[in-house]
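Notes for the one structure printed next.
Side chains are part of it too, since the values below use all heavy atoms of this structure and drop only hydrogens, waters and symmetry mates. As the structure is a computational prediction, the values presented were derived from the model and not from experiment. For ligands, and for the atoms within them, numbers begin at 1 and follow the listed sequence.
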Amino acid sequence: MAETSNDTPWTVMRLLEWTTDFFRKKGSESPRLDAEILLAHARGCQRIELYTQFDQVPEEEQRVAFRELVRRRGEGAPVAQLVGYKEFYSVSLRVDENVLVPRPETEHLVIEAIDQIKARMSDRDAPTVLDVGTGSGAIAIAIAKSLPKTIVTAVDISLAALDIAKWNTENLQLSERITLLQSDLFDGLAPDQTFDVICSNPPYISQSEYDELPTTVREFEPKGALLSAPDGTEIIAKLLNEAAGRLNEAGQLIIELSPMIAGACKQLAEQTGSYSEIRLIKDLAGHERILTMQKA
Ligand SMILES: C[S@@+](CC[C@H](N)C(=O)[O-])C[C@H]1O[C@@H](n2cnc3c(N)ncnc32)[C@H](O)[C@@H]1O
């Protein structure tokens, strides 16, 4: 997109082709998609609309904005942070540098939670759900939106993350059904508060895995959302030990984890002696991604 090139106009098509190539060389896993999302953002249109605009030449103001976005993406900034939102489970969530960008893998956890609530709790007036480490509010919001009878509590240790979760719950008119609370795991809850379902996508990256993460994750997403040092299992172990005391009878615990530690975490769950029906569930790529169990 250098301004020194020949007289060929910088149409939408040409901008997309140049930028896709640039992002590919920079190591993006989705160079064309990144280019389209950023150009649509700079033009203030939907991505799909670009397909009817290939021959148009964006105004100078739009090209300046696009160039800046491309520069920052080239330095590793996640696309979701650059445009300020991420689609997750059919909702658009605000994100910034204080929250993990919600991942497609986490939609599996949401699906599992919804399935379990529908299958086991259809007789309840208002099933109670706790989301531990809510970040942007992704899991809490997806469940509350899909199951209007649920009453959801969402906690996070990070106040900055809770600010984003608050914005998202208000924006989606869910603040009356989702209570947000700063808490180190369960410490901030009332001593006698228990739930039918506890969900969590906790930090589970080991120190060695963290050191190998791509720049776009390591330098731009919050370390406290990713790292559980040294082994990746530490926070999950604590969660497993404490969650049983926070579950109602036959309550369900559903945890997202890395396939690298799936076996170890299943063993930890078994060792607590507090759970039955301990199962690992694979994601679409065939990786063990979700650990689920019932309070014994
Ligand atoms: C992997 S992110 C998940 C965010 C969001 N639930 C999602 O799936 O997109 C983990 C979150 O847990 C929070 N967290 C880390 N340690 C915690 C703790 N001890 N207690 C509560 N939350 C914690 C982080 O601040 C971060 O928001």
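Of the possible donor and acceptor atoms, one in the side chain of Tyr275 sits under 3.5 Å from a partner among the backbone N and O of Leu240. The backbone N or O of Ala35 lies less than 3.5 Å from no partner atom in the side chain of Thr19, so there is not a single donor-acceptor pair.
Counting all heavy atoms, side chain and backbone alike, Thr216 lies closest to Phe220 at O-CB, 3.4 Å.
Among residue pairs with one or both ends in residues 127-153, none qualify as salt bridge (charged side-chain N to carboxylate O under 4.0 Å, His left out); sequence neighbours excluded. The salt bridge (charged side-chain N to carboxylate O under 4.0 Å, His left out) pairs that include a residue from residues 233-242 number zero, where partners must be two or more places apart or lie in different chains. The salt bridge (charged side-chain N to carboxylate O under 4.0 Å, His left out) analysis of residues 244-269, with sequence neighbours excluded, yields the pairs Lys266-Glu270.
The 4.0 Å heavy-atom shell around ligand 1 contains residues Leu100, Pro102, Thr106, Gly133, Thr134, Gly135, Ile139, Asp156, Ile157, Ser158, Ser183, Asp184, Leu185, Asn201, Pro202, Pro203, Gly224, Ala225, ordered by chain and number.
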